[in-house]
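Shown next, in structure tokens, is the structure this report addresses.
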Amino acid sequence: MRTRRSDLMRPVAAIAAMAAIVTAASCSTKSDDEPPPAENSAGTVRTGAGIEGDVITLGVLTDFTGLNAASGKDVTEGQRIYWDRLNQGEKICGRFTVELDIKDHGYNVQTAVTQYAESSGDVLGFVQVLGSPMATALIPELEQDGLIGIPVAWAKNLAASPGYAVPGPTYDVETINGLDYLLEEGRIKEGDKIGHIFHDSEYGNNALEGSKFFAAQHGMTIVEQRIGAAEPDMTSRVTALAAEGVTAIVLTTQPSQTAGAAAAANGAGLDVPLLGNAPTFFPTLLDTPARDALIENFYLVGPNVGVGLPPAADLLKAYKEKFPNVEPSNSVVTGYSSSKIMELILQKACEDGDLTPEGVLAAKAAISPADTDGLTGTLDFSKPGISPSRESFLARPKAGVPGSTEGVAANYEGPTVAAYVRG
């Protein structure tokens, strides 16, 4: 099913100031050290590691200093706003407040693995693991420890892990939806040749699966340009695609590479649509020489609604109260919506009377279908390996609005994705 609404979509914007709350609360998982069951309005609830007294501790493994520092700060700020509001209101089980154990991995895999080891015995789960490489490296540990994690990454291998609750459609599904939208809008046509610039990683390779499937369904050809995560100059990549006569370019890149590709396409006279996956855009790109090319040709496809639009209006207000001179990005919504998902899981565990790590992990599948009040599409965590959603949000860059983007389609599920079955 597809719905269109021009006022509902995904923005992405500026860096929020950040102050980390670091709270360690631990109880041994050994039966003779477990705290007594908690009494609350739902009855008796078992508790264990990650809960001390009336405080639940959740882990955050994020990036404040690496490649995705801007997004990491906004994701974490969205989470802090969410839990601060819940702690002042209904709480978990009507009793427990939530504190965050926040660590900066600097987008370094080994650092993230070390930090996980430091936190894993003291948290009930991880409400944020930012980055596909970091989240992938932690799959064995997360599964061995029986903990739940919410990745800020949407690669298909993460959706296959029973420990992760991926907060939206995986990159392959996202890419198919974005290309379906371009086809519907007449920006591409059957039989076209499409360029795809992508990271050689879980992120890029999963998006490539989506573009290849779409091409096969529509008699199209994909021209690949595989790049490194920190490759600085997109000129030669775009020049090669222009020589192939591509009629659109899919970007599965960092934001700086998105700007580089847009500028290079403009310089080469290549006036074609550019489709970017969720992590490809940040509002500061409209302060670069690529501004006009992005406004003219860029389309963003992502997993959640934009900041300031109806489902996230309260979030924007709370953010502006804390940071009146800073514009938030859509990453704030990503943090807020992932916290909503974790709350749904924790409240279900309360209903089931089991707030131990094992009980929380069991509750993940039980909340399906999960409704996030419009922050994301409907989510299904009951089938590991399947994209949790097939609904995407599309936006175009626009200066002077929250997140520097305006929505063009919400809860968009194109016709091609209905036929998509992973090989």
Side-chain angles (χ1 to χ4, degrees), residues 10-13 67-68 70-71 132 171-172 174-179 181-182 185 187-188 192-201 203-212 214-215 220-302 329-331 394-399 403-405 408:
R10 149 169 232 200
V12 203
L67 281 175
N68 284 290
S71 291
S132 294
Y171 294 123
D172 45 357
E174 183 176 85
T175 302
I176 294 168
N177 276 337
L179 288 169
Y181 183 81
L182 293 183
E185 293 294 301
R187 295 301 309 265
I188 57 176
D192 274 358
K193 189 177 289 187
I194 308 295
H196 194 156
I197 301 174
F198 62 98
H199 289 184
D200 188 10
S201 65
Y203 167 43
N205 292 317
N206 186 210
L208 182 66
E209 290 182 62
S211 64
K212 283 185 169 181
F214 184 88
M220 297 178 176
T221 303
I222 298 296
V223 183
E224 301 178 26
Q225 288 290 319
R226 191 182 304 265
I227 65 172
E231 189 170 323
D233 189 356
M234 296 293 104
T235 303
S236 64
R237 305 298 189 168
V238 172
T239 299
L241 294 177
E244 291 284 344
V246 301
T247 58
I249 300 174
V250 179
L251 298 169
T252 310
T253 57
Q254 298 288 345
S256 62
Q257 294 167 328
T258 300
N266 186 60
L270 187 60
D271 184 21
V272 300
L274 309 173
L275 174 70
N277 288 103
T280 59
F281 183 84
F282 210 75
T284 50
L285 297 190
L286 297 190
D287 298 326
T288 72
R291 169 195 168 106
D292 291 344
L294 288 167
I295 290 173
E296 180 68 23
N297 284 321
F298 186 71
Y299 295 77
L300 181 69
V301 58
S329 75
N330 193 54
S331 295
L394 285 112
R396 302 293 311 279
K398 183 177 181 178
S404 295
T405 58
V408 295

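- Interatomic distance, Ser211 OG to Met220 CE, rounded to the nearest 0.5 Å: 11.0 Å.
- For Arg396 (side chain) and Thr405 (main-chain N/O), no donor-acceptor pair under 3.5 Å exists by modelled atom type.
- Thr258 and Thr253 are linked by a side-chain donor-acceptor pair at a separation below 3.5 angstrom, with hydrogens and angles left out of the test.
- With a 4.5 Å cut-off on side-chain heavy atoms, Ile197 and Val238 count as touching.
- The ring pair (Phe, Tyr, Trp, His ring centres under 6.0 Å) check on Tyr203 picks up Tyr171, His199, with sequence neighbours excluded.
- The shortest distance between side-chain heavy atoms of Lys193 and Leu241 does not fall below 4.5 Å.
- The distance from atom CD of Glu174 to atom CG of Leu179, rounded to the nearest 0.5 Å, is 11.0 Å.
- Here the closest heavy-atom approach between residue Arg291 and residue Ala399 is recorded as NH2-CB, 3.8 Å.
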Test log, rule side chain to side chain contact (heavy atoms under 4.5 Å, CB included), inputs Phe298 and Leu285: CA-CA 11 Å; Phe298 186 71; Leu285 297 190; over 6 Å; no
Exercise. Check the pair Leu208 / Ile222 against side chain to side chain contact (heavy atoms under 4.5 Å, CB included), numbers first and verdict last.
Key: CA-CA 9 Å; Leu208 182 66; Ile222 298 296; 4.1 Å; yes
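- Here the side chains of Ile188 and Phe214 are in contact, with some heavy-atom distance below 4.5 Å.
- Between Leu251 and Thr280, the closest heavy-atom pair is O-CG2, 3.3 Å.
- Residues Glu224 and Lys212 have side chains in contact (heavy-atom distance under 4.5 Å, counting atoms from C-beta outward).
- Among all heavy-atom pairs drawn from Thr288 and Ala259, the shortest one is OG1-CB, 4.1 Å.
- Here CD of Glu296 is found 6.0 Å from CG of Asp271. Values are rounded to the nearest 0.5 Å.
- With rounding to the nearest 0.5 Å, the separation of CG in Leu394 from CD in Glu185 is 9.5 Å.
- Ala207 and Asn277 make their closest contact through CB-OD1, 3.7 Å (heavy atoms, listed as atom of the first residue, atom of the second, distance).
- With values rounded to the nearest 0.5 angstrom, Leu275 atom CG is found 9.5 Å from Tyr299 atom OH.
- Judged by distance alone, the side chain of Asp233 and the main-chain N or O of Thr235 form a donor-acceptor pair under 3.5 Å.
- Closest non-hydrogen pair, Arg237 versus Arg226, comes out as NH2-O, 3.2 Å.
- Here the side chains of Ile249 and Val272 are in contact, with some heavy-atom distance below 4.5 Å.
- Between Ser331 and Phe282, the shortest heavy-atom distance links the atoms OG-CE1, 4.3 Å.
- Taken to the nearest 0.5 Å, the NZ atom of Lys398 stands 10.0 Å off from the CD1 atom of Ile295.
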